[in-house]
Amino acid sequence: MIRFQGIRPIIFSSVDTELLIFLPIVLASVLLAWITIRRTPEYEKGRKLNVISISVMAVLSFGMYLIFGVSVGLLKGILLTDAYLFASVSDFRIRKVPDWVSIVVAALGLISVSGSNLLWNAVAGAAAFGFFFLAAIISKNKIGGADVKFIAASMFVCGFPEGLAGLILGLLLSVVGTLIRNKKTKSKDKTMPMIPYLSVGFLTAFMIGGI
């Protein structure tokens, strides 16, 4: 079986050895996602979404294992995915995300980062916060405060230019997703959950950065 650590393939001599390492990681990440999803708003009303969220965690933990191997980067990626899952489900269901989620995301940005990168990541996060805070004021709060904090925290984690690429991808996905939703449902609800799309963008950037 091939595992990628950075961009170098490592071929294991025994698939059994690989499974002994990988399976506990996947099971632990799925358990973490299950515990987290049970604490999301309106948990009992969204069983289909709960199953999808836990399945996403399993798939992403596999992908991150291929990229990072057994490392601090893998732990950081799984915890980041878990925080994003909670934020995405909460935003999708009630259009609200607690402030502590952005604090947790920002705290994960402190893991396994050198001093110089930490400074530039902080600059990226501060610049994103300033830009979207002004955008929220100009647009008369069409961009929610939770979105602004989430973007700033995620930019701090991913840094530049990966964070910028993830942000652009997330915004593009949100526009496309909203257009598709409005066309299919003809919903009069003009609010759109941005954080699920932003999470996809930033997680993609985080994983590409690991490669």
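No continuous path of ILVMFWY side-chain contacts below 4.5 Å connects V59 to L27, so the two sit in separate hydrophobic clusters. Hydrophobic clustering (ILVMFWY, side-chain heavy atoms < 4.5 Å, transitive): I111 and I67 are in one cluster. L173 and I52 are assigned to two separate hydrophobic clusters, defined by single-linkage of ILVMFWY side chains at heavy-atom distances under 4.5 Å. One hydrophobic cluster, built from ILVMFWY side chains closer than 4.5 Å, cannot hold both L60 and L169; they sit in different ones. Note on V89 and Y43: same hydrophobic cluster, where clusters join Ile, Leu, Val, Met, Phe, Trp and Tyr whose side-chain heavy atoms are under 4.5 Å apart, directly or indirectly.
Closest non-hydrogen pair, I143 versus A136, comes out as O-CB, 3.5 Å. The two residues L74 and V70 have their closest heavy-atom pair at CD2-CA, 4.2 Å. Heavy atoms only, all atoms of each residue included: V104 and A83 are closest at CG1-CB, 4.4 Å. Contact detail for D82 and T36: the closest heavy-atom pair is OD2-OG1, 2.7 Å. The two residues A146 and V97 come nearest to each other via the heavy atoms CB-O, 3.9 Å. Taking both residues in full, the closest heavy atoms of V105 and V157 are given as O-CG2, 3.0 Å, listed atom of the first, atom of the second, then distance.
Among residue pairs with one or both ends in residues 73-104, those qualifying as ring pair (Phe, Tyr, Trp, His ring centres under 6.0 Å) are Y84-F150, F86-W100; sequence neighbours excluded. Applying the ring pair (Phe, Tyr, Trp, His ring centres under 6.0 Å) test to residues at least two apart or on different chains, the pairs with a partner in residues 102-134 are F129-F133.
Here CD1 of I208 is found 11.0 Å from CG of L203. Values are rounded to the nearest 0.5 Å. Atom OG of S29 and atom CG of L85 lie 10.0 Å apart (nearest 0.5 Å). The OG atom of S90 lies 10.0 Å from the CD1 atom of I37; values are rounded to the nearest 0.5 Å. With rounding to the nearest 0.5 angstrom, the CE atom of M155 is 10.0 Å from the CD atom of E162. In this structure, E42 CD and N50 CG are separated by 11.0 Å, a value rounded to the nearest 0.5 Å. Separation of atoms OH (Y197) and CG (L167) is listed at 15.5 Å; rounding is to 0.5 Å.
Counted by atom type alone, S199 and S88 present one or more donor-acceptor pairs between their side chains at under 3.5 Å.
Between L198 and S174 there is no side-chain heavy-atom pair separated by less than 4.5 Å. Looking at I78 and Y65, their side chains never come closer than 4.5 Å, going by heavy atoms from C-beta outward. Contact annotation: the side chain of F160 never approaches that of V123 to less than 4.5 Å [non-hydrogen atoms, C-beta and beyond]. Contact check for M57 versus W34: no side-chain heavy atoms found under the 4.5 Å cut-off. Residues F68 and K76 have side chains not in contact (no heavy-atom distance under 4.5 Å, counting atoms from C-beta outward). Contact of the L172 side chain with the I168 side chain is registered, since non-hydrogen atoms from C-beta on lie closer than 4.5 Å.
The main-chain N or O of S102 is never found under 3.5 Å from a side-chain atom of K149 such that the two would form a donor-acceptor pair.
For the pair K96 and D91, the salt-bridge criterion is not met [side-chain N within less than 4.0 Å of a carboxylate O].
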